[in-house]
Amino acid sequence: MAAAAASFSSAHPLRLRPRPAALLFLVCSAAKTPRPGLRRPRIPPASPSDTLLLFSRRRSRLALTEPRASNWRRFCSATVSAESEAQEAAAAAGAGPGEKIHEFRRRRRIADIKGEPDEGLGLVGQRLVLRGWVRTSRAQRSVTFIEVNDGSCVSNMQCVVSSDAEGYDQVESGFVTTGASLMVEGIVVNSQGSKQKVELRVEKLILIGKCDPLTFPIQKKRVSREFLRSVAHLRPRTNTFGAVSRVRNALAYATHKFFQENGFVWISSPIITASDCEGAGEQFCVTTMIPTTREGTDTPVDAIPRSKDGMIDWSQDFFGKPAFLTVSGQLNGETYATALSDMIEPELAFADLNDDMACATAYLQYVVRYVLENCKEDMDFFNTWIEKGIVDRLTDVAEKDFVQLTYSDAVELLLKAKKKFEFPVKWGCDLQSEHERYITEDAFAGRPDIKAFYMRENDDGKTVAAMDLLVPRVGELIGGSQREERLEYLENRLDELGLNKESYWWYLDLRRFGSVPHAGFGLGFERLVQFATGIDNIRDAIPFPRTPGSAEF
């Protein structure tokens with residue numbers, strides 16, 4: 001090995017010296033597969049000076065007015081001030097082999113400006129650089145008003161561009177249209193309009209990406225959400241789906257923030273399972289035994305391995321047995337909870353159903369408060385355009401006490417209801433969404449409630465220590481239980497359901513070796529997004545929904 005390394009280093013002396021990023025780019029570029037019919041000339045090993053020479057020749061052939069490195073820095077740098085512009089220019093002029101990468105800095109977004117208590121008035125007179133996409137462009141006699149949005153908030157930044165601004169020719173040429181991306185630099189000034197406190201007086205405009213106004217499907221007019229699902233790659237540019245995405249992000253962040261602040265540990269559970277947890281085997285099988293072409297549409301059935309009796313020979317599969325996409329990380333979470341105490345799914349060791357309910361209610365109130373406090377503009381948008389009164393509804397959830405209701409009490413309440421349900425109610429039935437919504441919206445006037453009905457066997461022999469957390473409009477949001485920690489009871493339950501105990505040997509081991517009472521719950525995150533935004537169709541709460549007959553994007 002040492003001799004091989006010595007021969008390699010002597011044959012390639014440049015390996016001993018740090019290479020500049022431009023050289024790495026050229027090496028990667030040369031490695032691309034050439035198009036059929038074209039011969040790629042052999043590129044000899046380059047030195048840093050050779051690289052700069054090649055770059056300068058390429059720049060001269062393309063008639064660029066400045067190096068591409070400078071363009072890249074202008075578009076992608078995190079700097080936002082005149083001082084930073086000077087730093088960029090210095091870096092472009094003096095960057096050489098061995099130079100350090102510049103410090104990463106948070107960019108100033110439109111949300112940072114509009115989200116200030118004074119809505120940006122404190123920044124009047126400052127120079128700013130913004131990058132974003134054009135929402136509208138209105139040309140008047142002496143100036144052009146361009147509404148720019150960078151995705152950080154619903155609000156746009158109004159940019160006023162006069163004919164003396166650098167890059168105004170892009171406006172005159174008609175390239176600054178809805179959907180186009182650009183960079184604008186200018187001075188923050190008091191706005192003369194009534195819709196905003198400040199605007200940007202543009203001194204420099206650079207068009208980054210054109211957008212054909214005739215074919216761009218997201219125009220200023222309103223379109224249906226059904227249509228937007230067909231262009232899910234572009235729908236985040238609308239006000240509605242931009243707001244949904246930001247609230248979804250806030251909910252995810254608040255989820256981890258809540259559990260981390262309470263001492264929980266996060267693990268990633270596998271997405272493939274051989275255990276049937278909550279019906280995982282009923283949906284998607286994962287196998288390597290189906291031979292496919294690159295297109296994946298012409299699969300001969302007789303090519304699937306079979307045993308002598310004509311059944312599928314699972315011994316030849318990658319896992320040696322049937323495997324499925326999981327629908328729950330609960331069983332894996334229990335494994336780590338019995339070692340590390342509290343895990344993020346969540347699973348709580350040394351806990352019973354009461355602890356589980358306390359954690360679930362505290363969690364829900366925490367994330368709802370977080371969204372109300374940190375996504376005010378988005379929530380105002382939902383309150384105006386999606387669901388009237390959603391802010392009040394969420395405030396009730398964040399502030400009101402939860403109602404705890406047993407399964408038997410819930411059934412009795414429904415039987416007494418002066419309402420005809422599509423699904424008849426009787427003791428022992430699973431409660432349907434219509435039943436859950438009646439309990440939360442009618443019987444308890446919008447308050448959430450918890451009802452117990454399955455998992456660890458209770459002393460009455462008829463019910464189990466489990467709960468569902470119900471909220472208005474959505475119904476069931478959280479489902480949880482105290483897990484069965486007693487080995488003999490769990491084995492009996494597996495036998496009752498006809499499940500193979502050998503497949504659960506490791507899960508049973510948790511009850512053999514230091515078993516403890518433990519509990520946990522699962523959250524329907526998309527339902528939480530629906531609940532927090534008022535979006536009525538769950539397909540619009542998911543960035544890229546997978547639905548029957550459709551797996552686009």
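Source: prediction; values computed, not measured.
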If you count every heavy atom of other residues, nucleotides or ligands that lies below 6.0 Å from Trp385 atom CH2, does the total exceed 12?
no
Think Arg107 forms a cation-pi with Phe104, using NZ or CZ under 6.0 Å from the six-ring centre and within 45 degrees of its axis?
no
Pairs flagged by ring-ring contact (aromatic ring centres under 6.0 Å, His included) wherever residues 528-553 is involved - sequence neighbours left out:
His233-Phe553
Any salt bridge between Arg393 and Asp396, counting N to O under 4.0 Å?
no
Calculate, to the nearest 0.5 Å, the distance between atoms CG and CD belonging to Leu494 and Glu502 respectively.
12.0 Å
With a 6.0 Å cut-off (strictly less than), is the heavy-atom count around CG of Asp401, excluding the residue itself, greater than 12?
no
Note: Asp536-Arg225 ion pair, threshold 4.0 Å (strictly below):
yes
Is the Phe258 to Phe264 ring centre distance short of 6.0 Å?
no
Which pair of non-hydrogen atoms, one from Glu476 and one from Glu436, has the smallest distance, and what is that distance?
N-OE1, 3.2 Å
Taking atom types as modelled and ignoring hydrogens, do the side chains of Glu334 and Gln330 form a donor-acceptor contact shorter than 3.5 angstrom?
yes
Pair Gln404-Phe402, side chain to side chain contact (heavy atoms under 4.5 Å, CB included): steps then yes or no:
CA-CA 6 Å; Gln404 181 175 329; Phe402 283 59; over 6 Å; no
Is Thr240 close to Ile386 at the side-chain level, that is, under 4.5 Å between some pair of heavy atoms?
yes
Heavy-atom side-chain proximity of Arg229 to Arg539 below 4.5 angstrom
yes
Would you list the pairs meeting side-chain hydrogen bond (donor to acceptor under 3.5 Å, both in side chains) in which at least one residue belongs to residues 309-324, sequence neighbours left out?
Thr287-Asp317, Thr288-Asp317, Ser307-Asp309, Asp313-Ser315, Asp313-Gln316
Quick one: sort the Tyr370 and Tyr366 rings into parallel, tilted or perpendicular, breaks at 30° and 60°.
parallel
Test item: Val154 and Asp380 side chains (from C-beta on) under 4.5 Å apart, heavy atoms:
no
Quick one: are Phe444 and Leu413 in side-chain contact, heavy atoms under 4.5 Å?
yes
Asn239 side chain to Arg135 side chain, donor-acceptor N/O pair below 3.5 angstrom:
yes
I'd like to know if Arg493 pairs up with Glu496 as an ion pair, taking the criterion as any Lys NZ or Arg NE/NH1/NH2 lying under 4.0 Å from an Asp or Glu carboxylate oxygen.
yes
Check this for me, if you would: do Asp112 and Arg106 make a salt bridge, where the nitrogen-to-carboxylate-oxygen distance has to be below 4.0 angstrom?
yes
Can you tell me if Trp505 has over 12 outside heavy atoms packed within less than 6.0 Å of its CH2?
no
If the threshold is 4.0 Å, N to carboxylate O, is there a salt bridge linking Asp540 and Arg235?
yes
Beyond-backbone contact of Leu499 with Tyr504, side-chain heavy atoms, under 4.5 angstrom:
yes
Around atom CZ of Phe350, are there more than 12 heavy atoms from other residues, nucleotides or ligands closer than 6.0 Å?
no
Is it true that Arg483 and Glu485 make a salt bridge, defined as a side-chain N closer than 4.0 Å to a carboxylate O?
no
If we only count heavy atoms from C-beta on, is the Ser515 to Leu487 side-chain gap below 4.5 Å?
no
State whether the number of non-hydrogen atoms from other residues, nucleotides or ligands found under 6.0 Å of Asp459 atom CG is greater than 12.
no
Do Val247 and Val529 make a side-chain contact, defined as non-hydrogen atoms from C-beta onward lying under 4.5 Å apart?
no
Taking the side chain as everything from C-beta on, heavy atoms only, tell me whether Val301 gets closer than 4.5 Å to Arg306.
yes
Is the ring pair Tyr363/Phe521 parallel, tilted or perpendicular, if the boundaries are 30 and 60 degrees?
tilted
